Number of protein chains: 2
Amino acid sequence: MGVKESFLVKNKQITLDNIAEKIGVSCTTVSRVLTGQSKKYRISDRTTEIVQQTARDLGYVPDQLARALRTKRTNTMGLVIPDISNPFFSTIARNIEIQARKVGNSIILADSQEDTQLEIESIRLLQSRKVDGLIVCPVGEESAHLKDIVNSGLPLVIIDRYFTDLDCAYVVSDNYHGALEAVEYFFQMNHRSIGYIQGRVNTSVNSERIRGYRDAHARFGQAVDESLIVGDSFGKRNGYIGAKILLAKSPRPTAIFAASNLISLGAMTAIQEEGLKIPEDISIISFDEQPYSEYLATPMTTVAQQTSETGEIAFKLLQSQIQNEGSPTTEGIILPTELVFRKSVKQLKHPT
Amino acid sequence: MGVKESFLVKNKQITLDNIAEKIGVSCTTVSRVLTGQSKKYRISDRTTEIVQQTARDLGYVPDQLARALRTKRTNTMGLVIPDISNPFFSTIARNIEIQARKVGNSIILADSQEDTQLEIESIRLLQSRKVDGLIVCPVGEESAHLKDIVNSGLPLVIIDRYFTDLDCAYVVSDNYHGALEAVEYFFQMNHRSIGYIQGRVNTSVNSERIRGYRDAHARFGQAVDESLIVGDSFGKRNGYIGAKILLAKSPRPTAIFAASNLISLGAMTAIQEEGLKIPEDISIISFDEQPYSEYLATPMTTVAQQTSETGEIAFKLLQSQIQNEGSPTTEGIILPTELVFRKSVKQLKHPT
DNA sequence: TATAATAGGACAAACGATTGTGCAATGCAA
DNA sequence: TTGCATTGCACAATCGTTTGTCCTATTATA
């Protein structure tokens, strides 16, 4: 008997009071022992010992809700990401989570689906859950809601995309130099007609890359053909459409610079459909190094970003902001990229 | 003046009491209005209106911590994943999060790094945060801690890997038929010496796939060469090592069945190093369809799993369990796989 | 011996919300 | 005018912790 109940009834939570009552002390004392303040409040060694023992026996585990309500600290951080299924972001997320849990913090994850409205709602939800801080990879076109957060004093770190008018810590890749280097490489290989399939316009990521693209042209004394800049999102479909447009031009550009891993995948479909070969007929460089990059039909030359580092640094920035509350650390960290040379770029005999 | 302070001082939180005081009612009334219980408690229309208006004016947002402490419901679920950077898992995670937020729930994410100990600690942390339920993709070799959860009455849904001795809801792929179909296909293409690079042993995923592998052999009246079953984890390195071993055998197997996307990537490195071509020299089928599968040097024949559906179903199962508390729904859902034919399997002239 | 100092811990008020119950005022019927 | 329902809301406890303060012995000091 009792067996049935024990199956149906949820285990009752053990509280400080339970422990206190069981050994005949006050719940204050128990709290102080279990939070390691025995000395500070002169709890005798004997009592301390007993409290710890019974806490262990009863399997006491502190209620973080109650604790947070009182202390105003949840040890929880919010993470807002435009698309967690994208390995670029999930790698960042992973490293954030790993660092966080090392110090007993948890991550509440929100996927904004590249939608500013959802981003705003997600952030509101996270705030109502009283996260200690926020790491946001913003959709990137609007920043008013982020400015509100900064003003509210809630620690915030922006990753991947940032806003020049937002006074807030961030960690991003050096998109300018990444693009510059890639496009210069195209030039060195004698390419002169280089299409750029861009990502979401009006994001810092995109603007910086375009700036690199333009400066590379400038360095080689070549005017930018504006019609070679196409596209409007970081997704695969945009890559397909962008490539279709570029490949239909005549003369056809000899090279394509793709602004993301998904864009280059989409572009490859278009290239296949047109019966073209990489790099014989068309060269390509893609932003974002991926585990599969070297195994593609033509191993892909890529601009690698430091994803693990991004996550780790973002976390540490946020944590320090949370700890020194009051002093809003607004350092911006820019991580270098690396051009990974493979086989997707053809060396042309003459500048073309 | 005051400007400086407004920058340094965190915005004070608006509480029910603030609202109540401002309009001269009790905080009880405010609570009842804002939780939509005006009628039930006969709050006059006038009062209701005023309360709502001031709540809006003050920008009131309920403190989910306090609410949860009282109601015993956090509207938060825990999600434990062995490796969130793996697109297979991150796709599942994404769909869980999207479904969850649609109904105002949040997801606390934990990455167990394929380590049972970390899995246990993560779960403990989530429990202390009073999640309403748990979705766990277990490392897979131990289930005692999961059994504890089931017994404690905390709603739990297992995904991807399950335990036959665990009475708990789950949603997994039909790994048996997935493997069966793949290996049968090898046989139909006249392969008779088929290596299997397995994942983590003692996981249901792995056992089921091996069972499929064996049954395919049985159906074609062929004994299984146990030395062709190699490997012990789902990672890339294991794929590399496993392939090295298989390729070193003589006679060399004509085909490799890889138990995960990462395993096949690793295997491809080994295959390249040996100077072999897919599928001319060696055929390969990989578990896990990926966005890049069709773009590989040789487009990869894969066993596709329904990742989005897995996430969505897992969430719904958990939600229903949370809502009908008491009746532990222990349905198990098995999702069919699909063999995606591409070019990585060669048709042999004669059974070899 | 009187007094101060110290040791060891208890009380009770928070934190912000929810909720069972109680209470005054009004309306209505008798 | 009395009695009873109904309307409209307030009281106060509660969820589990934390924390400033206060209290009572005991010991040490003068």
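This is a predicted model, so every value here is computed, not measured. Letters go in sequence order (proteins before strands), and every chain restarts at 1.
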**Asked** Do you see a donor-acceptor pair shorter than 3.5 Å between the side chains of B:Gln53 and B:Arg56?
**Response**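 There is such a pair (donor and acceptor under 3.5 Å, judged by atom type) between the side chains of B:Gln53 and B:Arg56.
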**Message:** Please evaluate residues B:Asp165 and B:Lys147 with respect to the criterion salt bridge (Lys or Arg N to Asp or Glu O under 4.0 Å), reporting the C-alpha separation (whole Å), side-chain torsions for both, the decisive distance (0.1 Å), and the verdict.
**Reply:** CA-CA 9 Å; B:Asp165 60 341; B:Lys147 200 166 290 184; 3.5 Å; yes
**Asked** Which is it for B:Gln319 and B:Gln99 under the side chain to side chain contact (heavy atoms under 4.5 Å, CB included) test, yes or no, and what are the steps along the way?
**Response** CA-CA 10 Å; B:Gln319 199 188 22; B:Gln99 296 302 320; over 6 Å; no
**Message:** As a test of understanding, state which of B:Asn18, B:Leu34, B:Thr54 forms a side-chain contact (heavy atoms from CB on, under 4.5 Å) with B:Tyr60.
**Reply:**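 Exactly one candidate clears the test, B:Leu34.
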**Message:** My understanding is that only one of B:Ile149, B:Ile158, B:Val157 makes a side-chain contact (heavy atoms from CB on, under 4.5 Å) with B:Leu134; could you say which?
**Reply:**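 Filter result, single survivor: B:Ile149.
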**Message:** Using a 4.0 Å cut-off on heavy atoms, which residues in residues 63-73 of chain A reach DNA chain C? List them by number, or say none.
**Reply:**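 When residues 63-73 of chain A is checked for heavy atoms under 4.0 Å from DNA chain C, the hits, listed by number, are A:Leu69, A:Arg70, A:Lys72.
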**Asked** Around atom CG of A:Asp167, are there more than 12 heavy atoms of other residues, nucleotides or ligands at under 6.0 Å?
**Response**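 It does not: A:Asp167 CG has 12 such atoms or fewer within range.
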**Prompt:** Is atom CZ of B:Arg73 surrounded by more than 12 heavy atoms (other residues, nucleotides or ligands) closer than 6.0 Å?
**Reply:**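 More than 12 heavy atoms, drawn from other residues, nucleotides or ligands, come within 6.0 Å of this atom.
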**Request:** Report yes if the side chains of A:Asp160 and A:Phe88 come closer than 4.5 Å at any heavy-atom pair, otherwise no.
**Result:**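 Yes, at least one pair of side-chain atoms sits under 4.5 Å.
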**Prompt:** Got B:Ile19 and B:Lys22 here, is their nearest side-chain heavy-atom distance under 4.5 Å?
**Reply:**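 No, every pair of side-chain atoms sits at 4.5 Å or beyond.
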**Interatomic distance, A:Thr116 atom OG1 to A:Glu119 atom CD [nearest 0.5 angstrom]** =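 It is 6.0 Å, given to the nearest 0.5 Å.
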Could you give the [atom1]-to-[atom2] distance, from [X] to [N], as a whole number of Å?
{"X": "A:Arg46", "N": "C:dG8", "atom1": "CZ", "atom2": "P", "value": "11 Å"}
{"X": "B:Asn75", "N": "C:dA17", "atom1": "CG", "atom2": "P", "value": "15 Å"}
{"X": "A:Ile14", "N": "D:dC15", "atom1": "CD1", "atom2": "C1'", "value": "16 Å"}
{"X": "A:Glu49", "N": "C:dG8", "atom1": "CD", "atom2": "P", "value": "15 Å"}
{"X": "A:Ile19", "N": "D:dT18", "atom1": "CD1", "atom2": "P", "value": "11 Å"}
{"X": "A:Glu21", "N": "C:dA10", "atom1": "CD", "atom2": "P", "value": "13 Å"}
{"X": "A:Asn18", "N": "D:dG16", "atom1": "CG", "atom2": "C1'", "value": "10 Å"}
{"X": "B:Asp17", "N": "C:dT18", "atom1": "CG", "atom2": "P", "value": "12 Å"}

**Message:** Over the length of the helix from C:dT1-D:dA30 to C:dA30-D:dT1, how much do the five-pair end axes diverge, rounded to 10 degrees?
**Reply:**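 Overall, the helix from C:dT1-D:dA30 to C:dA30-D:dT1 bends by 70° from one end axis to the other.
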Protein-nucleotides 5-12 of chain D N/O pairs closer than 3.5 Å?
residue: D:dG8; atom: N7; partner: B:Arg42; partner atom: NE; Å: 3.0
residue: D:dG8; atom: N7; partner: B:Arg42; partner atom: NH2; Å: 2.8
residue: D:dG8; atom: O6; partner: B:Arg42; partner atom: NH2; Å: 3.0
residue: D:dC9; atom: OP1; partner: B:Ser44; partner atom: OG; Å: 3.4
residue: D:dC9; atom: OP1; partner: B:Thr47; partner atom: OG1; Å: 2.4
residue: D:dC9; atom: OP2; partner: B:Ser44; partner atom: N; Å: 2.5
residue: D:dC9; atom: OP2; partner: B:Ser44; partner atom: OG; Å: 3.1
residue: D:dC9; atom: OP2; partner: B:Thr47; partner atom: OG1; Å: 3.3
residue: D:dA10; atom: OP1; partner: B:Ser26; partner atom: N; Å: 3.0
residue: D:dA10; atom: OP2; partner: B:Ser26; partner atom: N; Å: 2.6
residue: D:dA10; atom: OP2; partner: B:Ser26; partner atom: OG; Å: 2.8
residue: D:dA10; atom: OP2; partner: B:Thr29; partner atom: OG1; Å: 2.5
residue: D:dA10; atom: N6; partner: B:Arg32; partner atom: NH1; Å: 2.8
residue: D:dC11; atom: N4; partner: B:Thr28; partner atom: OG1; Å: 2.7
residue: D:dA12; atom: N6; partner: B:Thr28; partner atom: OG1; Å: 3.1

**Prompt:** In this structure, which one of B:Thr74, B:Thr76, B:Asn105 forms a side chain to side chain donor-acceptor pair (under 3.5 Å) with B:Asp132?
**Reply:**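 The side chain to side chain donor-acceptor pair (under 3.5 Å) with B:Asp132 is passed solely by B:Thr74 among B:Thr74, B:Thr76, B:Asn105.
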**Request:** State whether A:Ser31 places a side-chain N or O below 4.0 Å from either non-bridging phosphate oxygen (OP1 or OP2) of D:dT18.
**Result:**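 The answer is yes; a side-chain N or O of A:Ser31 sits under 4.0 Å from OP1 or OP2.
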